[in-house]
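First comes the structure, then the notes that go with it.
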Amino acid sequence: MTEKEILELRDLAEVGKVQFKERIVDNYDIACEMCALSNYRGGRIVIGINDKTGSINPLSFQETQETTQMLGNIASTMLNPSILIETDTSKVEGGNLVIATVKEGTNKPYHDNKGIIWVKQGADKRKIFDNMELKAMMDDCGTFEADEAVAPDASMDDMDMDSIKSFLLKKFRDALPKQTEDGRKPADLTADEIASLLIKDKTAADILRNLKLIRPDGRFTVAAVILFAKVTQRFIPTYTAKCISFFGNSVGGSEYRDRFSDTAMEGNILHQYNAIMQFFTRNLRNVQVEENFNSLGELEIPSVALMEFTANALVHRSLVWTMPVRVFIFDDRVEIHSPGNLPAGMTVESVVSGVSMPRNNLLFDNAIFLLPYTGAGSGLKRALETGIEVQFNDNEKTKEFVITIPRKEHHINAPTSEIRHQPQGKNAPSSGKTHQPQGENAPSSGETHQPQGENAPTKLKVHKVSQKVQDILNFCSIPRTAQEIMNRLGIQNQSRSRKRYIQALIDAGLLERTIPENPNDPNQKYRRVRK
């Protein structure tokens, strides 16, 4: 490196990538710096520059030899596990500088010879004592698989058998017969019956155990709970999402158009995926792409891009950091925040180019059979091929990966008659009512309308629904009884209520019975139609 290039490294010193030392005075101090860089993203230690003034004090030939040897000894004897470094010299006026390059470690966490773990924090370094940070560090480099950990107290009774059935049907599609000996199709069987078709006399739990989703001792893994639990948050409270549509362009705004309640997000990964996609559908504008006035149009941000970004946020998020996935819609942009930085060795450039390096391997290998994504890195490239503008930010400060999608100006002008949602508490509006835009752009009240006469369609189509109806659909991502739905609505379980809310959605093709051949079956439940 030239002297000019060396001095340009001073800019990197501010973000912790370079450390200057005039001379090696304390071997332990250098060991701590190497430890911090190994536990971070790597960096350089430059010997021969004063770290206070930035002035160069070159090393003589003999000092250069001694310093190079000293750096190698420190790396191999004063760190656990030991590391390999690359040393180089740069000729400057009056002598040399020595540059030690420390790569990001692949066996984190690294300790000094006193057992202390150091990590970079800006231009300085600090000790780590918190177990959460240690787990995150190990998760980052693959020495700790958070999704393979045990989910305490989880049992088969806590699992949603419909989700397990869907998973088995898709994963073993090629291995299953087209029909059983008694003429039934696999889709008409229970999860346990499907398992018995795959391996005689085996249950769904046995298949999950073979797939390592259930441990040999019978305890469920975190991945299994994320994939199949009826209420994942009972076991992993932080595996959830916060969805807010703000007025304006600041996350600090107190006024919002729409937000999902915590209970609306209760469920497994498929439920959360569907809920987030429905949040996008009801809060982003539709763009008319056909001349026909009655055509549905397309979302202002292509659905294929939103699907891929949402699936990646749920699958590749850090399971160590105690924060939810966050989805924000502003007037000028959409943001998707996924907890955790990119895994070691990954950069934004490699992500964009289609390189796939999953953080949660067990979850990643199996979520592909529940979510509509490829899991091979091609989905992101397909999303970018839609031509949308996207910004990716691997934010070290907030420990999250952020995707920002600008919104086009002509899509963000809210109707002037729209009344904003106010914060709860003292500032809450007294009426408690949510007012919708009036006129031709007003969303419907949840009722379905269809043309009259010979051109009337044979099925009802709901283009827009009220928030109450949308909440029912989200709630029924997991099969629910009529009583559960009425409890959700806060009304009595009467025939007219069931007709108004349940039967109307069945007629509209949005809900379906789990026992369609017997509508009055006492075990009847209702689930959202998956399209």
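One is the number of the first residue; the rest follow in order along the sequence.
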* Could you tell me how the ring of Phe328 sits relative to the ring of Phe246: parallel (under 30°), tilted (30 to 60°) or perpendicular (over 60°)? =>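 Perpendicular, since the angle between the ring planes exceeds 60°.
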Parallel, tilted or perpendicular: which one describes the rings of Phe369 and Phe167, with boundaries at 30° and 60°?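 Answer is perpendicular, since the angle exceeds 60°.
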Taking [X] first and then [Y], would you say they form a salt bridge - that is, a charged N and a carboxylate O separated by under 4.0 Å?
X: Lys230; Y: Glu266; result: no
X: Asp262; Y: Lys242; result: yes
X: Glu193; Y: Arg184; result: yes
X: Glu400; Y: Arg326; result: yes
X: Arg285; Y: Glu300; result: no
X: Lys165; Y: Asp162; result: no
X: Glu104; Y: Lys108; result: yes

A side-chain contact here means heavy atoms from C-beta on lying under 4.5 Å apart; do Ile207 and Phe172 qualify?
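Result yes, sub-4.5 Å side-chain heavy-atom pair found.
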* Asked: Is the closest side-chain heavy-atom distance between Ile236 and Leu319 below 4.5 Å?
  ->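 Counting from C-beta outward, Ile236 and Leu319 never come under 4.5 Å.
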Set out, in order, the CA-CA distance, both residues' side-chain angles and the distance that settles side chain to side chain contact (heavy atoms under 4.5 Å, CB included) for Ile336 and Phe280, then state yes or no. CA-CA 11 Å; Ile336 301 173; Phe280 284 134; 4.1 Å; yes
- Decide whether Asn268 and Thr232 meet the rule of one side-chain donor and one side-chain acceptor closer than 3.5 Å.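 There is no such pair between these side chains.
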Under a 3.5 Å distance rule, please check whether Asp206 uses its side chain to pair with a backbone N or O of Thr203 as donor and acceptor.
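The answer is yes, because a donor-acceptor pair under 3.5 Å joins these two groups.
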